[in-house]
Amino acid sequence: LGLLLAEGRIYSADLPAAKELLSRGCTIGDDRSCREMARIANDAGEHEALVSWLGKSCMLGNEPSCMRTATLDRSDDRVRWVEEACRLGRMDACLDAAERRQNGNGVPVDMKLALQNYQAACRLSNAPSCFRAAKILRSGDGVKADPKAAAVWYDKACQMRQTRACAILGDLYLSGEGVDKDDVRARFYHNIACSSGLRSSCPKPASRARIELPVGQNPLKDLVPLAFTANTLPLIPSGSAPRRPPPALPADDVLPSPAPPGPQSFPTSPIPDRITRQFPSAHTQSL
């Protein structure tokens with residue numbers, strides 16, 4: 001009825017009666033009536049009335065009204081509208097309220113409220129807020145130091161891929177600060193930080209032990225090729241000239257039958273001369 005009287009489409013426009021009805025609707029808990037009263041106040045240029053009606057809409061659970069009220073409110077208590085938006089589940093409002101409380105932006109510094117707002121933003125999946133809440137609890141900046149609770153918030157930040165939080169959590173488990181000392185968990189969190197690109201958390205490479213050999217001793221002297229295939233030559237030693245490949249077979253892939261040896265002839269050794277010259281006689285016999 002208030003809207004019908006305000007618009008004047010069906011009934012004759014009656015703004016005073018419309019405002020009375022809309023005001024009554026806002027008072028008994030109708031958010032739409034509060035926002036309509038804010039619109040009427042805005043059209044009339046009544047700034048204080050606009051902030052008042054938007055504030056009532058905010059308190060009825062309208063989060064955009066809370067943020068708009070925080071923007072328009074010129075009083076020192078405007079941060080409470082941001083905190084109300086945070087309570088309604090707006091993550092950026094929680095972060096804004098926490099920074100205002102921590103830095104004293106328009107309000108007195110209050111680390112307890114800053115911590116609460118950071119924790120609220122963390123629960124709404126803001127990883128930097130988890131890290132800041134843990135940092136406040138670990139250092140005891142304006143609140144009672146609680147390293148055990150700090151480890152919980154560092155873990156939440158680590159689960160959201162906050163690399164630095166994983167590294168600090170690994171240090172806590174390594175030193176036993178606020179938690180039970182656990183080298184396995186420490187390596188686990190350091191490995192997460194390392195795999196995410198934080199080189200300071202990566203394990204240090206072990207130093208290579210130097211092997212001292214007697215002068216003139218060659219540890220490779222006993223190494224020889226173990227086998228050869230029909231069409232593969234031995235590995236060519238470094239610095240030696242490449243050898244020619246073995247002769248190709250005839251086109252029909254059939255070797256000619258060898259002539260029977262004469263009375264003064266001897267069978268040809270199956271081992272090529274190049275292998276005989278390259279390896280000692282003991283290895284030649286084994287080949």
Side-chain angles (χ1 to χ4, degrees), residues 1-133 136 141-143 153 156 160:
L1 184 58
L3 290 173
L4 291 174
L5 291 174
E7 295 172 356
R9 295 182 180 179
I10 299 178
Y11 305 102
S12 299
D14 189 345
L15 188 57
K19 291 173 64 176
E20 181 181 355
L21 291 169
L22 291 171
S23 175
R24 185 186 305 175
C26 179
T27 303
I28 61 179
D30 179 55
D31 172 53
R32 188 181 180 188
S33 298
C34 299
R35 288 185 282 113
E36 187 63 25
M37 287 297 297
R39 185 192 64 79
I40 294 173
N42 185 50
D43 293 342
E46 300 172 352
H47 182 80
E48 297 298 330
L50 170 62
V51 173
S52 176
W53 292 114
L54 284 176
K56 292 179 180 180
S57 173
C58 170
M59 299 307 294
L60 289 174
N62 189 286
E63 171 262 317
S65 295
C66 297
M67 299 304 294
R68 190 179 177 194
T69 307
T71 304
L72 297 174
D73 193 355
R74 299 169 184 171
S75 66
D76 295 336
D77 199 30
R78 60 182 177 271
V79 70
R80 72 187 182 98
W81 304 114
V82 183
E83 291 178 334
E84 185 64 24
C86 171
R87 187 185 66 82
L88 294 173
R90 179 154 179 160
M91 184 272 295
D92 59 335
C94 300
L95 183 58
D96 184 21
E99 291 176 343
R100 287 172 183 259
R101 294 293 187 184
Q102 184 178 19
N103 302 323
N105 184 10
V107 292
V109 175
D110 191 332
M111 293 304 297
K112 291 183 179 180
L113 288 177
L115 176 60
Q116 293 176 7
N117 288 317
Y118 278 133
Q119 290 171 336
C122 175
R123 294 188 186 97
L124 294 171
S125 302
N126 183 260
S129 296
C130 304
F131 186 86
R132 294 180 186 181
I136 293 174
D141 183 12
V143 298
W153 295 101
K156 292 180 182 295
M160 298 182 210

Which atoms form the tightest heavy-atom contact between [X] and [Y], and what is the distance?
X	Y	result
C122	M160	O-CE, 3.6 Å
C130	K156	SG-CB, 4.2 Å
M67	A93	SD-CB, 3.8 Å
C34	W53	O-CB, 3.7 Å
C26	L60	O-CD1, 4.2 Å
V82	R100	CG2-NE, 4.3 Å

Are R132 and E99 close enough, and set up right, to give a side chain to side chain contact (heavy atoms under 4.5 Å, CB included), and what steps lead you there?
-> CA-CA 10 Å; R132 294 180 186 181; E99 291 176 343; 2.9 Å; yes
Show the numbers, then the answer: is there a side chain to side chain contact (heavy atoms under 4.5 Å, CB included) between R101 and V79?
-> CA-CA 9 Å; R101 294 293 187 184; V79 70; 3.5 Å; yes
Just how far is it from atom [atom1] of [X] to atom [atom2] of [Y], taken to the nearest 0.5 Å?
X	Y	atom1	atom2	answer
M37	E20	CE	CD	10.5 Å
D14	L1	CG	CG	10.0 Å
L72	E48	CG	CD	10.5 Å
S12	L4	OG	CG	12.0 Å
C58	E84	SG	CD	4.5 Å
S23	E36	OG	CD	12.5 Å

[Y] and [X], any side-chain heavy atoms less than 4.5 Å apart:
X	Y	answer
N126	C94	no
L15	I40	yes
L113	V107	no

Do other residues, nucleotides or ligands put more than 12 heavy atoms under 6.0 Å from the CZ atom of R32?
->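 12 or below, so no.
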Give the intermediate values and the outcome of side chain to side chain contact (heavy atoms under 4.5 Å, CB included) for residues M91 and S125.
-> CA-CA 8 Å; M91 184 272 295; S125 302; over 6 Å; no
List the steps and the verdict of side chain to side chain contact (heavy atoms under 4.5 Å, CB included) for K56 and M59.
-> CA-CA 5 Å; K56 292 179 180 180; M59 299 307 294; 5.7 Å; no
Return yes if some donor-acceptor pair links the side-chain N/O of D73 with the main-chain N/O of S75 below 3.5 Å, else return no.
->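 At least one qualifying donor-acceptor pair exists.
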Under 3.5 Å, side chain of R68 to main-chain N/O of S65, donor-acceptor pair present?
->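 Here the side-chain-to-backbone pair does not exist.
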